[in-house]
Amino acid sequence: MTFPVFASGDVLNASDMNAVGLWRVATGTATTASTLSVNSCFTSDYENYLVTWNGLSSGNDVGFNFRFRASGTDATTDYRRVASQMYPGIGNPAVGGSNTATEISLGTISSTNRSASSYFVMAPQVAQRSIVHGQMTHVQSGGTIDAYTIHGFLNNTTSYDGFTIYPASGTITGTVCVYGIRNA
Amino acid sequence: MKPTIAILDAPTGKMTHREMTDDEFVEYQTRVQIAETEQAKKFEAEKTLLAIKNSARTKLAGLGLTDAELAALLEV
């Protein structure tokens, strides 16, 4: 067998499986929820993770946010974040940020059309700053585009085993997936 | 009735939807209030910026600039 192209009936031995770089560790769908928390998804199995979200909110042009979580409790202070926003007609990206934030902004979300966000969560289980960086494509209610590039971290060295995503107001409906990234 | 929260337990894959506890509801109300305040500030800033742009457009048009020249300058 020639990895990674497998033929029907091939045996997947340990070396083949250990070479799989991305492993889904959690997936779920929230329905009209004010927050969506994922518990115990960050473990010592992986240092870094990829998270994807695809969904709607109950309102339009609503902020969409992220918080780290440990043992079922969200961390609510000392986030550092910057983000740039782009949409047709804007001359230069609009840049915002804070060194005293209560969350990391992922972008904006609306009803009618599903928006998508994908971001990397780096080292949540390691005793160093837990970092989030990624992007979001916001499909506005009228079908126009609004896009974000985001960066942030939580300014402590605590280990976190989960996270919460939530709209600034109202509810969200959609699917979240968490993938562990294998280093070796 | 308090808002609903969704919790996904990764090891089991079980998704639970439940009503917020009292403590969670207090934190939720604070968060929403902050977001609404920030949103109002943002709308006000955008409104002010638009008014400034419109004012600049009117003044520049008075100097004889074409619509294309104004659009290039103001990017609106």
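Only this structure's heavy atoms are used, side chains among them; waters, hydrogens and symmetry mates stay out. Letters go in sequence order (proteins before strands), and every chain restarts at 1.
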(request) Output the option from Cys41(A), Gly72(A), Ala168(A), Ala26(A) having the highest count of non-hydrogen pairs under 4.5 Å with chain B. (result)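 Of Cys41(A), Gly72(A), Ala168(A), Ala26(A), Ala168(A) has the most heavy-atom pairs under 4.5 Å with chain B.
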(request) Look at Val178(A), Asn39(A), Ile172(A) and state which one has the largest set of heavy-atom pairs under 4.5 Å with chain B. (result)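 Of the candidates given, the most pairs with chain B belong to Asn39(A).
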To the nearest 0.5 Å, tell me how far [X] [atom1] sits from [Y] [atom2].
X         : Y         : atom1 : atom2 : value
Asp9(B)   : Ser37(A)  : CG    : OG    : 11.5 Å
Glu24(B)  : Thr73(A)  : CD    : OG1   : 9.0 Å
Ile5(B)   : Thr171(A) : CD1   : OG1   : 13.5 Å
Thr35(A)  : Glu27(B)  : OG1   : CD    : 9.0 Å
Asp74(A)  : Arg31(B)  : CG    : CZ    : 8.5 Å
Ser169(A) : Glu36(B)  : OG    : CD    : 6.0 Å

Applying the 4.5 Å side-chain criterion to the ILVMFWY set and letting contacts propagate, would [X] and [Y] be lumped into a single cluster?
X         : Y         : answer
Ile181(A) : Ile131(A) : yes
Leu106(A) : Tyr179(A) : no
Val62(A)  : Phe64(A)  : yes
Val121(A) : Tyr166(A) : no
Phe163(A) : Leu36(A)  : yes

Where on [X] is there a heavy atom nearer than 4.5 Å to chain B: the side chain, the backbone, both, or neither?
X         : value
Thr43(A)  : neither
Thr102(A) : neither
Val25(A)  : backbone

If you draw a 6.0 Å radius around [atom1] in [X], do more than 12 non-hydrogen atoms from other residues or ligands fall strictly inside?
X        : atom1 : answer
Lys14(B) : NZ    : no
Gln33(B) : CD    : no
Asp67(B) : CG    : no

(message) Can you give me the closest heavy-atom contact between Val176(A) and Leu8(B), atom names plus distance?
(response)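 In terms of heavy atoms, the two residues are closest at CG1-CD2, 4.3 Å.
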(message) Looking at every heavy atom in both Met15(B) and Ala30(A), which two are closest together, and how far apart are they?
(response)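 Minimum heavy-atom contact is CE-N, 4.0 Å.
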(request) Spell out, as yes or no, whether a donor-acceptor pair under 3.5 Å connects the side chain of His17(B) to the backbone of Ala33(A). (result)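 Between the backbone of Ala33(A) and the side chain of His17(B) there is no qualifying donor-acceptor contact (under 3.5 Å).
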